[in-house]
Amino acid sequence: MQTEAFHITVPMTTCNPKEWVKLYAEDLFKFACSKVPDTVLAQDLVQDTFLSGLQAMSGFRGDSSEKTWLTAILKNKITDHYRKSGKTVLTLDSITAHSNDPDPHDIYFDKKGHWRREMAPKAWKQDINDPSEQREFSRILRTCIAKLSGIGKTIFQQKYLEEKKSADICKDMAITTSNYWVIIHRAKLQLRACLEKNWFSN
Amino acid sequence: MQHHLHTLLPCCKEATLLAEKQLQQPLSRWQRIGLQFHLLYCHFCRRYVKQSRAIDAHMRWMAAEDAALDESVKRQWEVMIAAEMEK
């Protein structure tokens, strides 16, 4: 499937492909890394983005910045990638089955706030920081992060992958600190459960 | 009184929230005592804390990994772009 880069336009005067790598490669790569499960794939997508950008360049006549434009192409590449691969590798059935619950915490805790037996943390046999396992673990972790719901995913990525300060996140997202903790807590519960299911149960 | 009792005896839901908070910033004294006390008798939450800390460590490793885009890859892209522009 062809990425539709041609509908996104940018003024000719601001386009300088010779500077692209120097100016945007790091940021585009970081962005791709936050969306796809492995860094090699992220590199491929950024490379494709540059190629599509070059091809689409002659048709430019828009008003967004060069960076915004390249990021938009990259986003299309990422969407295409997921559409093409068309598979959801990991299952979250035990979590999504309860997704109609009013409070997502109820999946994990009973009315008294104790762990539900089936969701309580199990002992992890492997060490996730073992160098030989780290890459595979990263892949699963990224897929699990991608599966986090809405605001939880955004905040989690900003906190951990972009290493933003929590005070800045609260300000930018217009949330209170107590909401911030509830969201982080929920995201971590989801992530932990997803990891346990997909990594440690193998 | 009610409040203090609650803080001193957090349930698992509260204890894990406190644990998340503690990974990012220091807790108040009562929160710290409450969490420590809970962890004394709750092995699920002890596991949770250990695993959550390990996930954080791995996230930091991953963030460092992401930031490091290889210089040779960048040079390769520059050559590629220059070649494409020749066409």
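Treat the numbers as computed from the prediction; the structure is a model and nothing was measured. Naming convention: chains lettered A, B, ... in sequence-line order (proteins, then strands); numbering from 1 in each chain.
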Rounded distance [0.5 Å steps], CD in Gln25(B) versus OG in Ser166(A): 6.5 Å
Ring geometry between Trp77(B) and Phe50(A) (parallel below 30°, tilted from 30 to 60°, perpendicular above 60°): perpendicular
Option in Gln134(A), Lys112(A), His114(A), Gln47(A) with maximal non-hydrogen atom pairs under 4.5 Å from chain B: Gln134(A)
Heavy-atom pairs under 4.5 Å with chain B, option from Val182(A), Ile184(A), Leu141(A), Asp110(A) with the top count: Leu141(A)
Shortest non-hydrogen contact between Lys13(B) and His185(A), atoms and distance: O-CE1, 3.2 Å
Met59(B) vs Ile145(A), side chain to side chain contact (heavy atoms under 4.5 Å, CB included): CA-CA, chis, key distance, verdict: CA-CA 11 Å; Met59(B) 293 289 286; Ile145(A) 293 170; 3.6 Å; yes
Heavy-atom pair with the smallest gap, counting every atom of Lys159(A) and Gln24(B): CE-OE1, 3.4 Å
Top contributor to chain A interface from Lys21(B), Gln76(B), Lys74(B) [non-hydrogen pairs under 4.5 Å]: Lys21(B)
Stepwise side chain to side chain contact (heavy atoms under 4.5 Å, CB included) test for Cys11(B) and Phe109(A): CA-CA 9 Å; Cys11(B) 59; Phe109(A) 304 106; over 6 Å; no
Trp61(B) side chain reached by Ser138(A) side chain, heavy atoms, under 4.5 Å: yes
Gap separating the CD atom of Gln51(B) from the NZ atom of Lys188(A), nearest 0.5 angstrom: 11.0 Å
Presence of salt bridge, Lys18(A) and Glu78(B), under 4.0 angstrom: no
Which of Lys50(B), Glu84(B), Met80(B) touches chain A most, by non-hydrogen pairs under 4.5 Å: Met80(B)
Among the listed options Arg46(B), Met85(B), His43(B), the residue most often paired with chain A at heavy-atom distances under 4.5 Å: Met85(B)
Contact summary for Leu195(A) and Ile55(B), nearest pair of heavy atoms: CD1-CD1, 3.5 Å
Contact summary for Tyr160(A) and Ala63(B), nearest pair of heavy atoms: O-CB, 3.6 Å
Nearest-0.5 Å distance that lies between atom OH in Tyr108(A) and atom SG in Cys12(B): 15.0 Å
Beyond-backbone contact of Arg47(B) with Trp124(A), side-chain heavy atoms, under 4.5 angstrom: no
Side-chain H-bond candidate by donor/acceptor type, Glu20(B) with Trp181(A), under 3.5 Å: no
